[in-house]
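Here the structure comes first, spelled out in structure tokens, and everything after it is commentary.
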Amino acid sequence: MAPASILKQERLLPVAAAIAVLFFFTEHSLLEMGQTAVLIASAALIAVIVLASTRVAHHAEVLARKVGDPYGTMILTLSAVAVEVLILAIMMRSASSPTLVRDTIYAAVMLDINGILGLAALLGGLRHGEQSYNDDSSRTYSVMILTAMGISMVVPEFVPRDRWHLYSAFTIGAMVALYALFLRMQVGTHSYFFSYSYPTTHRRAAASAAAQGAAEEPEHDPAEESAAISIGVILVGVIIIGVLAEFMSTLLNAGLEGTGAPPAMMAVVVATISAAPEILTALRAALRNQMQAVVNIALGASLSTVILTVPVMEAIALYTGQPFLMAMTPVQTVMVAITLIAVAINLNDGQTNAIEGMTHFVLFATFVMLTILGL
């Protein structure tokens, strides 16, 4: 592909880079223009970061289609988590909240499982009725999420303050061990847990929906896009997102100060930015009757968020000597428990439907309401 074609196709990233340069020279002026101007600038930066992250997600999807499942969805979720960890690490430098890491992980799990999975199962169920998937994947994801969140976000409530560094070191080791074994299982002898062979009727329906979607909105053939170019764009995109996140963190902190906004607002922003591309991918898969992809994306993203974000942030805490408050509040613990119980019941028979999707979407609406109430 010619350089001119690449620049034309990836025009969002040069625009995002130019905006980053603009904010580099105008950041101090904006901070002096008042809270309204700062909040508007913060919203603009969030929009630009989301657009840039969609390009990163697009090229992760290109790589995913080239390698196929289960490697494909693993690449998609890891790219989203990489963006989330980067933004979170940058925001922790200027944010004063010791609960930002905990609240971000909690918000990401609520958004991925109840928001993405709930909405996808609801819309897909209304369109296709019951949608099939491999229930081995849902059970594996669910027990891994339960274990990882229990170790890292429930047990810390009972750890003495003067021994936090010992438990943090243990948590890092436990998360790495869990993910190493999970990764070996996902890409090794148990890879069939995370794939699904659709019956002929489902394949025809999925192909028909895909053909209809292609007729309405032509897409580039992944085979025509170079893997090297995709990797390069992902790396450049992550760097640009990191620079933009630096400015967003400063402006958003200044803009929200004294407004009475919920304490978890920053966490919800970070979780939403990282999940935005996944939402579109999951909804497209559900409408094409490919529920296995939705399960892999939603539950895989939740697991990756917990099991990868926790050790990175705990390592930062050990390095700086400043612990984060990782133990969930009683309300958060109850919401996570209800969510994982609902997942265990709904995703236990190999089929989803609109009712199951609605139960998770109502839980997501509850999470939004609790956030607005500051709980």
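- Exactly one residue among I151, T147, L308, V312 makes a side chain to side chain contact (heavy atoms under 4.5 Å, CB included) with M175. That residue is I151.
- Between atom NE2 of residue H128 and atom CG of residue L287 there is a gap of 6.0 Å, rounded to the nearest 0.5 Å.
- Residues I19 and F24 fall within the same hydrophobic cluster, defined by Ile, Leu, Val, Met, Phe, Trp and Tyr side chains chained together at heavy-atom separations under 4.5 Å.
- A 4.5 Å side-chain heavy-atom check between L303 and F182 finds at least one atom pair inside the cut-off.
- Side-chain atoms of S53 come within 3.5 Å of backbone N or O of V50 as a donor-acceptor pair.
- Proximity of F367 to V109: side-chain heavy atoms (C-beta onward) are nowhere separated by under 4.5 Å.
- Taking each heavy atom of I240 and A16 in turn, the nearest pair found is CG2-CB, 3.8 Å.
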With a cut-off of 3.5 Å and sequence neighbours excluded, list every side-chain donor-acceptor pair involving residues 114-126.
{"residue": "N114", "atom": "OD1", "partner": "H360", "partner atom": "ND1", "Å": "3.0"}
{"residue": "N114", "atom": "ND2", "partner": "T339", "partner atom": "OG1", "Å": "2.9"}

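- In terms of heavy-atom proximity, E356 sits nearest to T359 at O-OG1, 2.5 Å.
- Under the 4.5 Å side-chain heavy-atom criterion for Ile, Leu, Val, Met, Phe, Trp and Tyr, L363 and I341 are members of distinct hydrophobic clusters.
- Side-chain N or O atoms of S249 include none that pairs as donor or acceptor with a backbone N or O of E246 at under 3.5 Å.
- Counting all heavy atoms, side chain and backbone alike, W164 lies closest to A317 at CH2-O, 3.6 Å.
- For the atom pair D349 CG and I345 CD1, the distance stands at 11.0 Å (nearest 0.5 Å).
- There is no side-chain donor-acceptor pair under 3.5 Å between N353 and E130.
- Looking at L30 and F23, their side chains come closer than 4.5 Å, going by heavy atoms from C-beta outward.
- Judged by distance alone, with hydrogens and angles left aside, the side-chain atoms of E157 form no donor-acceptor pair with the main-chain N or O of M328 at under 3.5 Å.
- Between V306 and A148 the shortest heavy-atom distance is CG1-CB, 3.6 Å.
- Side chain of S138 to backbone of L347: a donor-acceptor contact under 3.5 angstrom is found.
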Task: Worked check of side chain to side chain contact (heavy atoms under 4.5 Å, CB included) between R102 and T329 - done: CA-CA 10 Å; R102 178 200 72 188; T329 66; 3.8 Å; yes
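- Using a 4.5 Å heavy-atom threshold, the side chains of V269 and M266 count as separate.
- Both L375 and I372 belong to a single network of hydrophobic side chains, linked directly or stepwise wherever heavy atoms of I, L, V, M, F, W or Y lie under 4.5 Å apart.
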Open item on the list: Let's go through M149 and V154 carefully: what are the C-alpha distance in whole Å and the side-chain angles of both, what is the deciding distance for side chain to side chain contact (heavy atoms under 4.5 Å, CB included) to 0.1 Å, and is it a yes or a no?
Closed with: CA-CA 7 Å; M149 294 196 76; V154 177; 5.8 Å; no
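- Both L299 and V336 are assigned to one and the same hydrophobic cluster, defined by single-linkage of ILVMFWY side chains at heavy-atom distances under 4.5 Å.
- One finds the CZ atom of F170 at 11.5 Å from the CD atom of E314 (value rounded to the nearest 0.5 Å).
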Task: Stepwise side chain to side chain contact (heavy atoms under 4.5 Å, CB included) check, L31 with L251 - done: CA-CA 7 Å; L31 290 172; L251 293 173; 3.6 Å; yes
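- In terms of hydrophobic clustering, with Ile, Leu, Val, Met, Phe, Trp and Tyr side chains grouped at heavy-atom distances under 4.5 Å, V368 and V331 are assigned to a common cluster.
- In this structure, D135 and N348 have side chains that are not in contact, with every pair of non-hydrogen atoms separated by 4.5 Å or more.
- At a threshold of 4.5 Å between non-hydrogen side-chain atoms, the residues M326 and M313 do not count as touching.
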TODO: Kindly indicate, with the supporting measurements, whether the criterion side chain to side chain contact (heavy atoms under 4.5 Å, CB included) is fulfilled by Y133 and V294.
DONE: CA-CA 9 Å; Y133 63 93; V294 177; over 6 Å; no
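- Nearest heavy atom pair, residue P156 against residue G150, reads CD-O, 4.4 Å.
- Rounded to the nearest 0.5 angstrom, M265 CE and T272 OG1 are separated by 9.5 Å.
- Atom CG in L111 sits 5.0 Å away from atom CD1 in I279 (nearest 0.5 Å).
- The two residues V56 and I234 have their closest heavy-atom pair at O-CG1, 3.9 Å.
- Looking at Q35, its side chain does come within 3.5 Å of a backbone N or O of G255 through a donor-acceptor pair.
- Panel note: side chain Q131, backbone A286; a donor-acceptor pair is recorded below 3.5 Å.
- Taking NE2 of H165 as the reference point, atom CG of L318 lies at 8.5 Å (rounded to 0.5 Å).
- Y141 has its side chain out of reach of S302: every pair of non-hydrogen atoms, C-beta onward, lies at least 4.5 Å apart.
- In this structure the side chain of I316 never reaches within 4.5 angstrom of the side chain of V101, judged on heavy atoms.
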